[in-house]
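Remarks on the structure that follows.
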Amino acid sequence: MHDDHLHPSLADGDGGDARWAFGTGFEDPLHGVDTTLPAHVDAAELAANCLALADDALIGAQRLAEWTTRAPELEEELALANIALDLLGQARLLYARCGQVDGSGRDEDAYAYLRDAADFRNVRLAELPNGDFAFTIARLLLLSTWRLAHLTRLAASPDPVLAAIAAKGVKELTYHRQYAAEWTVRLGDGTEESHRRMHAALARVVPWLPELYAAHDAREEVGTVLAQVLDTAGLAPPAVVPPLPGHGRNGEHTEHLAPLLAELQGVARAHPGATW
Amino acid sequence: MNDTPAPADWPLYEVFVRGKRGLNHVHVGSLHAADDRMALTHARDLYTRRNEGVSIWVVRSRHITASTRDEKDPFFAPNADKVYRHPTFYDIPDDVPHI
C-alpha cells in the first residue's frame with residue numbers, strides 16, 4: 001500500500017474549458033510527394049522491397065495487438081498498441097506503393113487480407129508467438145533496431161514515395177527501439193526472475209538475427225545497440241548459434257504464420273468487399 | 001541487482017503537457033508508472049497520441065501539495081471584490097504592445 005492518491009483539486013477540473021484540446025496540425029507523410037515512378041528505378045525490385053517491409057510491419061503489428069486486454073499493465077497495453085498502430089500505418093503506405101508499382105493495381109486490403117501464408121515475405125521473427133512479456137520486448141528490440149537501420153538507409157531511396165515512408169518510419173522506430181531498450185534494461189537489472197526471463201528471451205530471438213541480416217545487412221548497427229543495451233542491463237550476450245535454415249523473404253515460414261493470418265483475415269474473407 | 005519485492009501497485013504520477021500553441025504546461029491527467037522515466041514514456045503514449053503536445057512534465061502525485069476544497073473561501077473569495085488589483089485603471093499608451 002503506498003500513500004499516493006489522486007489530488008482532488010487536480011481531478012476536479014474546472015468545467016474543462018481550454019483545459020484539453022485535441023491536437024492540430026496533422027500531416028500527411030506523402031503530401032506533395034510525386035508518385036510517378038522515376039525512370040531509373042526498377043519497378044519489380046521496388047515492389048518486392050515495399051512488400052517485404054510491409055509484411056514485416058503488418059505481422060509485427062498483429063502480434064503486438066494480441067497484447068490488447070492481456071498486457072501486464074493498462075499503460076503498457078496502450079504503449080504496445082501504439083507501436084502496433086505505427087507499424088500498421090507503415091504497412092498501409094508500403095502496400096499502397098507496392099500496388100502502384102507492381103502493375104497489379106491492388107489496394108492495401110488485397111495484400112493484407114487476400115494472400116496466403118506462402119505469399120507473405122516477412123521475416124520469421126515477426127510471426128513467432130508472443131511468449132511472455134520479456135520475449136515480446138526482446139523481439140521488439142531486435143526488429144525495431146534492425147528496421148530503423150534499414151529505413152534510415154531507405155530515407156535516401158531513389159523512389160520519392162518509399163523515401164518519404166521511410167523518413168516517417170524512422171521517427172516512429174526510434175521510439176519503439178527506445179521503449180524496448182528501456183524495458184530490456186528494467187527487466188535485466190530488475191529482480192532475479194525478470195533477469196532470468198529477459199536472458200531466456202534474448203537467447204530465443206538471437207538465432208533469428210542471421211535471417212534479418214540476410215534481408216538487410218545491419219549487423220553493425222544492431223550489434224552496437226545490442227551490446228550497449230545488454231551492458232547497461234547487466235545481461236550476458238547470448239551465445240552465437242548457426243543460422244536457421246529457410247528464409248521468410250522466400251515465403252518459407254514457421255507453422256505459426258497461418259493461424260495468425262486466419263485470425264487477421266477471417267472477417268475480411270467471410271464478407272468480401274464489406275465496409276465497416 | 002535489486003531483489004526487494006516490488007510494491008503491489010506502481011505509484012501515481014500527474015501529467016502536464018504543453019500544447020503546440022500553449023505557453024505553459026497544463027494538467028491533463030494521471031497514470032501509474034514504476035519510475036520517473038517510465039512515467040514520461042507512459043505519458044507520451046497516453047496523453048500525446050492525438051498530436052497534442054510538444055513537452056511533457058510528470059511528477060509524483062505525492063509530491064504535490066494542493067489546496068483543499070474546504071479552503072476555497074478563505075483562500076480565494078476575499079479577492080473577488082478587489083477589482084482595483086487589476087491594471088484596468090491605467091491609460092495604456094498606444095505604442096505599448098501585448099497588454
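Because only heavy atoms are used, hydrogens play no part in the values below, and waters and symmetry mates are left out as well, while side chains stay in. The structure displayed is predicted, hence computed values, not measured ones. All chains are named by letter (A, B, ...) in the order of the sequence lines, taking the proteins before the strands, and each is independently numbered beginning at 1.
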**Message:** Is L85(A) close to chain B through its backbone or its side chain, or both, or neither, when contacts mean heavy atoms under 4.5 Å?
**Reply:**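 Only the side chain of L85(A) comes within 4.5 Å of chain B.
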
**Request:** Examine distances only and state if a side-chain atom of E75(A) and a backbone atom of A33(B) form a donor-acceptor pair shorter than 3.5 Å.
**Result:** no

**Asked** Just how far is it from atom CH2 of W10(B) to atom CD of E76(A), taken to the nearest 0.5 Å?
**Response**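 Those atoms lie 5.0 Å apart.
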
**Asked** Taking atom CZ of R37(B) and atom CD of E182(A), what is their separation to the nearest 0.5 Å?
**Response**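 That separation rounds to 4.5 Å.
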
**Request:** Would you please name every residue forming a side chain to side chain donor-acceptor pair (under 3.5 Å) with W67(A), sequence neighbours left out?
**Result:** T136(A)

**Complete:** Residues at least two apart in sequence or cross-chain that pass side chain to side chain donor-acceptor pair (under 3.5 Å) with Q228(A), listed by chain then number, are none

**Item:** Interface residues of residues 167-178 of chain A facing chain B - heavy atom cut-off under 4.5 Å
**Value:**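 Near chain B, by residue number: Y175(A), Q178(A).
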
**Request:** Check salt bridge (Lys or Arg N to Asp or Glu O under 4.0 Å) between R97(A) and all other residues, then give those that pass, not counting sequence neighbours.
**Result:**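 For R97(A), the residues satisfying salt bridge (Lys or Arg N to Asp or Glu O under 4.0 Å) (neighbours in sequence not counted) are D159(A).
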
**Asked** Within a strict 4.5 Å, meaning less than it, do heavy atoms of the R186(A) and M38(B) side chains meet?
**Response**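 Answer yes - side chains close enough.
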
**Request:** Decide if atom CZ of R197(A) counts as having more than 12 heavy atoms of other residues, nucleotides or ligands within a radius under 6.0 Å.
**Result:** no

**Message:** For a quick test of reading the model, state the closest non-hydrogen atom pair linking N82(A) to D45(B) and the distance between them.
**Reply:** ND2-O, 3.0 Å

